[in-house]
Amino acid sequence: MDQMPNMKDLEYFCEIARTCSLTQTARLFGVSQPTVSYALKRLEAEVGSRLVTRNTSHHGLALTPSGLLFNDRASSILEQYRRAKRDVEVMSTQKIRLGLPPIIASALFPKIAVSLDRNQLLEKVNPVEVGSRRLTKLLLDDSLDMALLGTTQRVRHPKLESVPLLQSPFTIAMSVDDELADQESVSIAQIRHRRFITLDENFIHEAAFRNIARRHDFIPDVMFTSNNIELITGMLRAGLGISFLARIAIQPDMGIITKTISEAKTPQFNISLVTQQHTNIALLDDIAATIQRSVQE
């Protein structure tokens, strides 16, 4: 191969390797199937070897031994290219894309913002507000520079660095006028037939709640799901149901209280600052250090 292949051709090829389908690859990139086919042919001509063959047993495509080797190298090239492109963008724009789950944004970011502003860094932050699951994907796709993530376990991924900041227990949240409001804790028997208002599948809460329900053999009556924490807390305040929320999501003036589940070993809502591995950008380091100090003060 005398010259570096087109980056778009590499992207097409790596997706073909993942999906084993020209059609799915074309659909993902919003191009025609012949466009993807021609890109594959160009790569094969450049490397001088067949990279893909028909998989007759599964009616799809399969990588040849050369294709397997090329996919490994191409994936590494693409990752380095995306990281270099992102780093240059940060240096030229002096802007950091910071992922903030709505719960963490409302509970912690006002305090963080004060520290960032004091250090003349607030204007250098572009916030992205979606759930922790979605933010993790954006980090891995190089679409974010850092994120404050809520997880049930420490973030462990070869592409990511994680610094634990604090923990908050998962609880049952309800109106101050709820029939269970006077109890110190609630039991599974008391909540198993109640109506729940929950965060949707983009939030780690959904998986944590599902695991508790499975362990205690009950199917929650979920009457409403949303990605809007303010909407959920408003419905709780109105007494329309109860919810499974990290305690940090509930502020004293909301008209909502939280109760632990007496017989359940509930996981903790772990808040971590997560960045890309091997990133050496002064602005990113300054913002990360300021966030850590402000949360731990």
Item to check | Lys/Arg-Asp/Glu bridge criterion (N-O < 4.0 Å) met for Asp178, Arg194 | outcome: yes
Checklist entry - Do Lys124 side-chain atoms and Ile96 backbone N/O form a donor-acceptor pair below 3.5 Å? => result no
Next on the checklist: So which atom in Ala107 and which in Ile248 form the shortest heavy-atom distance, rounded to 0.1 Å?
Outcome noted: CB-O, 3.4 Å
Item to check | Test item: Asp145 side-chain N/O and Arg97 main-chain N/O as donor-acceptor pair under 3.5 Å | outcome: yes
Next on the checklist: Applying side-chain contact (heavy atoms from CB on, under 4.5 Å) to Leu28 and Gln24, what does each step give before you reach the verdict?
Outcome noted: CA-CA 6 Å; Leu28 176 72; Gln24 290 185 43; over 6 Å; no
Checklist entry - Do any N or O atoms from the side chain of Arg154 and from the backbone of Asn270 form a donor-acceptor pair under 3.5 angstrom? => result no
Checklist entry - For atom CD of Gln33, is the number of surrounding heavy atoms from other residues, nucleotides or ligands below 6.0 Å larger than 12? => result yes
Item to check | Carboxylate-amine/guanidinium contact Lys8 Glu11, below 4.0 Å | outcome: yes
Checklist entry - Checking side chain to side chain contact (heavy atoms under 4.5 Å, CB included) against Ile104, which of Ile271, Leu135, Val295 comes through? => result Ile271
Item to check | Working for side-chain contact (heavy atoms from CB on, under 4.5 Å), residues Leu51 and Ile16 | outcome: CA-CA 10 Å; Leu51 301 175; Ile16 292 170; over 6 Å; no
Next on the checklist: Count I, L, V, M, F, W, Y as connected when their side-chain heavy atoms are under 4.5 Å apart, and connections chain through other members. Are Ile204 and Val128 then in the same cluster?
Outcome noted: no
Item to check | Nearest-0.5 Å distance, CG of residue Leu240 to CE of residue Met235 | outcome: 5.0 Å
Checklist entry - When rounded to the nearest 0.5 angstrom, what distance separates CG in Leu245 from CD1 in Ile232? => result 6.5 Å
Checklist entry - What orientation do Phe209 and Phe244 show, parallel under 30°, tilted 30 to 60°, or perpendicular over 60°? => result parallel
Item to check | Side-chain donor or acceptor of Lys95 paired with backbone N/O of Glu123 under 3.5 Å | outcome: yes
Next on the checklist: Count I, L, V, M, F, W, Y as connected when their side-chain heavy atoms are under 4.5 Å apart, and connections chain through other members. Are Leu160 and Val163 then in the same cluster?
Outcome noted: no
Item to check | Any donor-acceptor pair under 3.5 Å from Gln183 side chain to Leu180 backbone | outcome: no
Next on the checklist: Quick one, Leu273 with Met146, criterion side-chain contact (heavy atoms from CB on, under 4.5 Å). Give me CA distance, side-chain angles, the key distance, then yes/no.
Outcome noted: CA-CA 7 Å; Leu273 180 63; Met146 65 169 58; 4.0 Å; yes
Item to check | Heavy-atom pair of closest approach, residues Ser185 and Gln190 | outcome: O-OE1, 4.3 Å
Checklist entry - Does the side-chain contact (heavy atoms from CB on, under 4.5 Å) test come out yes or no for Val52 and Leu40, once each step is laid out? => result CA-CA 8 Å; Val52 171; Leu40 177 59; 4.0 Å; yes
Checklist entry - Under a 4.5 Å cut-off applied to non-hydrogen side-chain atoms, are Val31 and Val36 in contact? => result yes
Checklist entry - For Pro158, does its backbone N or O pair with a side-chain atom of Glu161 as donor and acceptor, under 3.5 Å? => result no
Item to check | Residue pair Lys259 / Asp182: nearest heavy atoms and the distance that separates them | outcome: NZ-C, 4.4 Å
Checklist entry - Does Leu78 reach the side chain of Cys14, with side-chain heavy atoms less than 4.5 Å apart? => result yes
Checklist outcome for this item: Looking only at heavy atoms, the pair that brings Thr198 and Ser243 closest together is CA-OG, 4.1 Å
Checklist entry - Take atom CZ in Phe218; do more than 12 heavy atoms of anything else shown fall under 6.0 Å from it? => result yes
Checklist entry - Got a second to check how far Asp177's CG is from Ile256's CD1, nearest 0.5 Å? => result 11.5 Å
Checklist entry - Counting heavy atoms not belonging to Arg192, are there more than 12 under 6.0 Å from its CZ? => result yes
Next on the checklist: Nearest 0.5 angstrom please: Ser132 OG to Leu100 CG, how far?
Outcome noted: 10.0 Å
Checklist entry - Just wondering, do Leu199 and Ile103 contact through their side chains at under 4.5 Å, heavy atoms? => result yes
Checklist entry - Looking at CG of Asp9 and CG of Leu43, how far apart are the two atoms once the value is rounded to the nearest 0.5 Å? => result 5.0 Å
Item to check | Check: Lys111 main-chain N/O paired with Ser294 side-chain donor or acceptor under 3.5 Å | outcome: no
Item to check | Salt-bridge present (Arg210, Glu206; N to O < 4.0 Å) | outcome: yes
Checklist entry - If you draw a 6.0 Å radius around CG in Asp141, do more than 12 non-hydrogen atoms from other residues or ligands fall strictly inside? => result yes
Next on the checklist: Quick one, Pro169 and Gln268 - any side-chain contact, counting heavy atoms below 4.5 Å?
Outcome noted: yes
Next on the checklist: What verdict does the salt bridge (charged side-chain N to carboxylate O under 4.0 Å, His left out) test give for Glu15 and Arg18, after you've listed the backbone C-alpha separation in whole Å, the side-chain angles of each residue and the deciding distance to 0.1 Å?
Outcome noted: CA-CA 5 Å; Glu15 190 60 27; Arg18 188 183 72 84; 2.5 Å; yes
Checklist entry - Counting only heavy atoms not in Glu184, do more than 12 fall under 6.0 Å of its CD? => result no
Item to check | Any donor-acceptor N/O pair, Ser75 side chain to Asp72 backbone, under 3.5 Å | outcome: no
Checklist entry - To the nearest 0.5 Å, what is the distance between CD1 (Ile191) and CE (Met174)? => result 8.5 Å
Checklist entry - So does Arg134 have more than 12 non-hydrogen atoms from other groups sitting under 6.0 Å from CZ? => result no
Checklist entry - Are the side chains of Arg133 and Thr136 in touch, meaning some heavy atoms are under 4.5 Å apart? => result no
Item to check | Connected via hydrophobic side-chain network under 4.5 Å: Leu108 and Val114 | outcome: no
Next on the checklist: Contact between Ser226 and Ile197 at the side-chain level, heavy atoms closer than 4.5 Å - yes or no?
Outcome noted: no
Next on the checklist: Looking at Thr19 and Ser21, would you say the former's side chain and the latter's main chain have a donor-acceptor pair under 3.5 Å?
Outcome noted: yes
Next on the checklist: Side-chain heavy atoms nearer than 4.5 Å, only ILVMFWY residues, links allowed to pass through others: does that put Leu148 and Phe170 together?
Outcome noted: yes
Item to check | Which atom of Ile229 lies closest to which atom of Pro102, heavy atoms considered | outcome: CG2-CB, 4.1 Å
Item to check | Aromatic centroids of His205 and Phe269 separated by under 6.0 Å | outcome: yes
Checklist entry - Without hydrogens or angle criteria, can the side chains of Thr171 and Arg247 be said to hold a donor-acceptor pair below 3.5 Å? => result no
Item to check | Whether Phe29 and Tyr12 hold their rings parallel, tilted or perpendicular, with breakpoints at 30° and 60° | outcome: perpendicular
Checklist entry - If you take all heavy atoms of Gly67 and Leu63, which pair is closest and at what distance? => result O-CD1, 3.9 Å
Checklist entry - With side chains defined as the heavy atoms from C-beta onward, is the minimum distance between Val274 and Leu139 less than 4.5 Å? => result yes
